[in-house]
Amino acid sequence: MPKEIAPLIVAIDELVERYRRELEAQRRFVADAAHELRTPLAALQIQADNLLASDLSDQSREMANELGEGVRRSSYLASQLLEMARTEGATSPEHRMIDLAALITSILADFVSVAEASDIQFEREIVAAASVKGDETAIRKLVSILLDNAVRYSPRNGLITVRLLLADNRPKIDILDSGPGIADEAMPFIYDRFFRAAPQEIEGTGLGLAIAKTTADRHDLQLRHANRADQIGTIATIIFPQA
């Protein structure tokens, strides 16, 4: 390269390296903080449960319930922060062939008790069987996050459909819920950290879709969300590379 440009190239390289170190330090701080918070929060949850098991007045029991719910939400937030830090710092493991139909069945089995508690039904549609080469742990996490969102936002007696099909020779997983949908003005921001488009009465941290998007990008998958055209609800779509 021309010697006049060499200092500029060196300066850019140093800037990129400083930026990388800052991002890594931030990721480590979030991971360490979330990890350290889990133990005291778990102790608080035990104390709140013990308090609820004691003989309390109605007013005291109501306050103890609110305390327990607050601790539970904080514990979930700490877990999500830790998961976000792990996702951003994860390395790509060796990929292998994954039967997507079998993976969907396994994930749905993990959510049966959660769905039954909310009187929600699952429907599995295998329009076309498909296998992909990838990281099974990452794909399982991605589908699980989207399914967890669908359960959280669907009303009682709702129906959630998980559909596997091929589109342009590319495997695609659709998760259709019967929730309130996403406002058009909120749609561009749903993958931002801590952004929540859901009503306030629906619990969440605003990190789930951010983790899902990071996971999808890291593994060359497309993640899309749209409102359903056939009824009120949302459709989350994962598009895989060509089969």
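Counting all heavy atoms, side chain and backbone alike, A216 lies closest to L223 at CB-CB, 4.0 Å. When every heavy atom of I145 is checked against every heavy atom of G208, the shortest pair comes out as CG2-O, 3.3 Å. Across R124 and A101, no two heavy atoms sit closer than the pair NH1-O, 3.7 Å. Nearest heavy-atom pair, L56 versus S60, reported as atom, atom and distance to 0.1 Å: CB-CB, 4.1 Å. Across all their heavy atoms, G68 and A48 have their closest contact at CA-CB, 4.0 Å. A pairwise comparison of heavy atoms in F240 and I139 identifies CE2-CD1, 3.8 Å as the closest pair.
R18 has no carboxylate O lying under 4.0 Å from a charged side-chain N of E22, or vice versa, which leaves the two without a salt bridge. We find that D110 and R140 are joined by a salt bridge, their nearest charged nitrogen and carboxylate oxygen being less than 4.0 Å apart.
Here the side chains of K172 and I238 are not in contact, with every heavy-atom distance at 4.5 Å or above. Looking at L164 and I104, their side chains come closer than 4.5 Å, going by heavy atoms from C-beta outward. Annotation: side chain of R163 is not in contact with side chain of I126 (no heavy-atom distance under 4.5 Å). For the pair Y191/T214, no side-chain contact is recorded, criterion being any heavy-atom separation below 4.5 Å from C-beta on. For the pair D174 and L165, the minimum side-chain heavy-atom distance is below 4.5 Å. At a threshold of 4.5 Å between non-hydrogen side-chain atoms, the residues L147 and F122 count as touching. Side-chain contact check for L209 versus H225: some heavy-atom pair is nearer than 4.5 Å. Counting heavy atoms from C-beta outward, L166 and P171 have side chains that approach closer than 4.5 Å.
Note: L52 CG to Q47 CD = 11.5 Å, rounded to the nearest 0.5 Å. Rounded to the nearest 0.5 Å, atoms CG (N227) and CG (D184) are 6.5 Å apart. Rounded to the nearest 0.5 Å, atoms CE (M63) and CG (L51) are 10.0 Å apart. Residue I107 holds its CD1 atom at 7.5 Å from CZ of F111, rounded to the nearest 0.5 Å. Taking CD1 from I120 and CZ from R156, the interatomic distance works out to 8.0 Å, rounded to the nearest 0.5 Å. For the atom pair CG (L67) and CG (L44), the distance works out to 7.5 Å, reported to the nearest 0.5 Å.
Checked by atom type and distance alone, the side chain of D168 never pairs as donor or acceptor with a backbone atom of R170 at under 3.5 Å. Using modelled atom types, one side-chain atom of S154 and one backbone atom of A150 make a donor-acceptor pair closer than 3.5 Å.
Hydrophobic clustering (side-chain heavy atoms under 4.5 Å, transitive across Ile, Leu, Val, Met, Phe, Trp, Tyr) keeps L176 apart from L103. Residue I235 is not grouped with residue L221 when hydrophobic side chains (ILVMFWY) are merged at heavy-atom distances under 4.5 angstrom, including chains of intermediate members. Put simply, V114 and I160 are part of the same group of oily side chains (I, L, V, M, F, W, Y) that touch within less than 4.5 Å, one to the next.
Counting non-hydrogen atoms of other residues, nucleotides and ligands closer than 6.0 Å to CG of N50 gives a total above 12. Counting heavy-atom neighbours within 6.0 Å of Q121 CD, excluding the residue itself, gives a total of 12 or less.
Side-chain contact, T234 with R228: no donor N or O sits under 3.5 Å from an acceptor N or O. For the 3.5 Å distance criterion, the side chains of R61 and Q59 fail to qualify, holding no donor opposite an acceptor.
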(request) Determine, step by step, whether I98 and D135 satisfy the side chain to side chain contact (heavy atoms under 4.5 Å, CB included) criterion, reporting the C-alpha distance in whole Å, the side-chain angles of both residues, the deciding distance to 0.1 Å, and the verdict. (result) CA-CA 8 Å; I98 304 165; D135 178 5; over 6 Å; no
(request) Output, in order, the C-alpha distance, side-chain angles, deciding distance and verdict of side chain to side chain contact (heavy atoms under 4.5 Å, CB included) for R224 and I239. (result) CA-CA 8 Å; R224 300 174 181 172; I239 302 177; 3.5 Å; yes
(request) Apply side chain to side chain contact (heavy atoms under 4.5 Å, CB included) to the pair L159 and T161, showing each step before the final yes or no. (result) CA-CA 7 Å; L159 175 66; T161 302; 4.2 Å; yes
